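Inspection log for the structure reproduced underneath, given as structure tokens.
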Amino acid sequence: MKQQKPLDIPEIRTTVGWHLDPCDVYSCALVCRDWARTFVPILWHTIDFSRKPQIPLYVLKKHARHIRRLEYLELSEKGDAVRMLCFSSGIRNLRHLSIAFCESEQVNAHGFDLLRRNKTSLAFLKIIRKPFEPEFGIVPVQFCIPPDVLVDPYTSNLTELSLHNIRLTREGLTYILRSSPNLKKLDLTTSSIVTGGYIETVSARGTGSNFDPEQDDGENTYSESQDAETVVVDGLVMRWRPFRHQGIIELAATLQEIFEPDPSAPSPSLLRHFPRLQELYLSELELISSVKSSIVRSEVKACCPDLCTVGFSSSPSPAVEELVTHAFENLSAVHLEHHNYTVGVFHGLLHHHITLTSIMTYADPGTSFDSKQPEPIDDFFKDQGRVIQLLFQILPLKTVCFHEHEMKIEWMEEKPWRGTLEELSVRIEGMDTEQKIEKALSAWVECWNKYSDMVRQAECASSSSLLIEDNKVNVSGTAKQVIVADSTVKLEQGEGNLMTSQLNQYQGSVGMLFPKPSSPLAFFLDDGSLEARVTRFLLQQPNLRNVWLGSGYWCH
């Protein structure tokens, strides 16, 4: 029988293929027919239209069944993308789709057909409606996303939905939520919600809701009386209760749209729809003049008791300090733009000194974390260096990502950090070349590897000694049984004592050969250099696994 090589096994080839560049995958697909069956699906798995791929229609039609991910598909009357969609009915199992609709309903119809064919397989969907003149007004959800295009509530696999440049009624938002029971993440950052259609009177139940109480699953419930709210619009008293989606844990939207969707009419906050929300990402915080922190606090406390992570993405605004300090309780993670970190915000973070384990800055769009040479930075936190160190000494932090901050090693050494770091992304003053960073981090990884090897050897030696101990018990037990069964076979007492003595000596020698080290610092050689001081600091964090100091991510 011919010996089989590893790459003769399709599963191994597939695993290898996902780690190759597209050019290498293409070369592998040309090797033979067996290899083509493995590498062609990988080659056609993703099509990114931002790279303007030139794909002949007959080629697309041939391999459409392999496509699982479409990025930046932009519909237009002049583009080839629409023609490609017309001839690619084989695209039926998409998992990820990012699509931009245009002002032409005829062109958009092709995009809607694509959505219909893949509505049961999509896990991620990003829909963009390009603005055009004249300025579009209120757009019913049925126009932007026709009812039969939305995923079916009984077959949907959609977990992430992102809507951009779309104005929805409250009714339309509810329609989307009902159609996506498995949804986990919802992004409405550039979309807006208007009041029209979200309110139902007691005497007009079902107006525009398309909801049959007999089909309710018992979790996402609707009731006229239970937890109903009373609102007054133009003198008319109405009873209202929002649809509550039990699956969404992450929401991104503007501060205004969440807490005051329509200033012209009474509008309960969007948080009423998401009782299990854990992460909230806010933008356009300059509108704090109309949305007070007390309102945010009361809504969060009443609607989202599990909320523990907040992010603020906006231009510099005093609202950040106000919200961090007064609007939220017991936060575990805070994400901010670096220009929003001020002394006041740092003081606000101390209000969460018991629970806060992660503070991060959003990286600038041009930041490259894979670049080998550290890029020059304009340290936005230079004047707050001491305050930042105070945070690390007080807060129980596990994740610190300050890509635009350059720490001083002497300040880092002054007092131990309180938290048990797991991820660290900062710059350190003086570590400004690839060689210096590599010297410090390679020593950190090497010490951890040596420590791990010694721990494994000690554990193996301990296991071996236990196995021998078991054998000793078995031998003595067997001897006793044989003595009972046959008096002519005996194990002398002296021989038993000798065996026990030898076993004890062996176990003692095992402990001497493989002593378990106390920490990775046992393998560290301190030469007093900056690189060595950085290595020592990192080794003092026993749970630290991922580090970025300006030149690529390192992990052990």
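The structure displayed is predicted, hence computed values, not measured ones.
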Query raised in the report: Within a radius of less than 6.0 Å around CG of Leu30, do more than 12 heavy atoms belonging to other residues, nucleotides or ligands occur?
Result: yes
Report summary line: Residues passing the side chain to side chain contact (heavy atoms under 4.5 Å, CB included) test with Lys185, sequence neighbours excluded, are Glu160, Glu250
Query raised in the report: Atom CG in Leu251, atom CD in Glu279: separation rounded to 0.5 Å?
Result: 10.5 Å
Report task. Please report the closest heavy-atom contact between Ser180 and Ser156, naming both atoms and the distance. Result -> CA-OG, 4.3 Å
Query - Partners passing salt bridge (charged side-chain N to carboxylate O under 4.0 Å, His left out) against Glu71 (at least two apart in sequence or in another chain) - result: Arg69
Requested in this report: Identify, with sequence neighbours excluded, every residue that meets side chain to side chain contact (heavy atoms under 4.5 Å, CB included) alongside Lys62.
Outcome: none
Requested in this report: Would you please name every residue forming a salt bridge (charged side-chain N to carboxylate O under 4.0 Å, His left out) with Arg533, sequence neighbours left out?
Outcome: Glu413
Query raised in the report: About how many Å separate CZ of Phe392 and CG of Leu424, when rounded to the nearest 0.5 Å?
Result: 7.5 Å
Query - Separation of Phe312 CZ from Tyr362 OH (nearest 0.5 Å) - result: 9.0 Å
Query raised in the report: Quick one: ring pair (Phe, Tyr, Trp, His ring centres under 6.0 Å) pairs with a partner in residues 5-33, sequence neighbours left out?
Result: Trp18-His45
Query - Exercise: identify the closest heavy-atom pair between Asn93 and Arg68 - result: O-CD, 3.0 Å
Query - Residue pair Arg545 / His556, side-chain donor-acceptor N/O under 3.5 Å - result: yes
Report summary line: In terms of heavy-atom contacts, Tyr553 and Ser425 come closest through OH-OG, 3.3 Å
Query - Check: Trp417 and Leu397 side chains under 4.5 Å, non-hydrogen atoms - result: no
Query raised in the report: Is there a side-chain contact between Leu280 and Phe274 (heavy atoms, below 4.5 Å)?
Result: no
Query raised in the report: Are Thr399 and Glu422 linked by a side-chain donor-acceptor pair shorter than 3.5 Å?
Result: no
**Report entry** Rounded distance (nearest 0.5 Å) linking atom OG of Ser192 with atom CG of Leu163
**Finding:** 11.0 Å
Query raised in the report: After noting the C-alpha distance and the side-chain angles of Phe523 and Met454, does the key distance pass the side chain to side chain contact (heavy atoms under 4.5 Å, CB included) rule?
Result: CA-CA 11 Å; Phe523 303 95; Met454 288 295 292; 3.5 Å; yes
Query raised in the report: How long is the gap from CZ on Phe402 to CE on Met407, to the nearest 0.5 Å?
Result: 7.5 Å
Query raised in the report: Can you list the residues that meet the side chain to side chain contact (heavy atoms under 4.5 Å, CB included) rule with Ile9, with sequence neighbours excluded?
Result: Gln4, Glu11, Ile12
Report task. For Lys436, look at atom NZ and say whether over 12 heavy atoms of other residues, nucleotides or ligands are found less than 6.0 Å away. Result -> yes
Report task. State whether Arg37 and Asp34 are salt-bridged, where the test is any N-O pair (Lys NZ or Arg NE/NH1/NH2 against Asp/Glu carboxylate O) under 4.0 Å. Result -> yes
Query raised in the report: Can you tell me if OH on Tyr72 sees more than 12 non-hydrogen neighbours from other groups inside 6.0 Å?
Result: no
**Report entry** Atom CZ of Arg95: over 12 foreign heavy atoms under 6.0 Å
**Finding:** yes
Requested in this report: Take Arg456 and Asp453, measure what salt bridge (charged side-chain N to carboxylate O under 4.0 Å, His left out) needs, and give me the verdict at the end.
Outcome: CA-CA 5 Å; Arg456 282 194 295 269; Asp453 290 342; 2.2 Å; yes
Query - Spacing of Leu549 atom CG and Leu441 atom CG [to the nearest 0.5 Å] - result: 4.5 Å
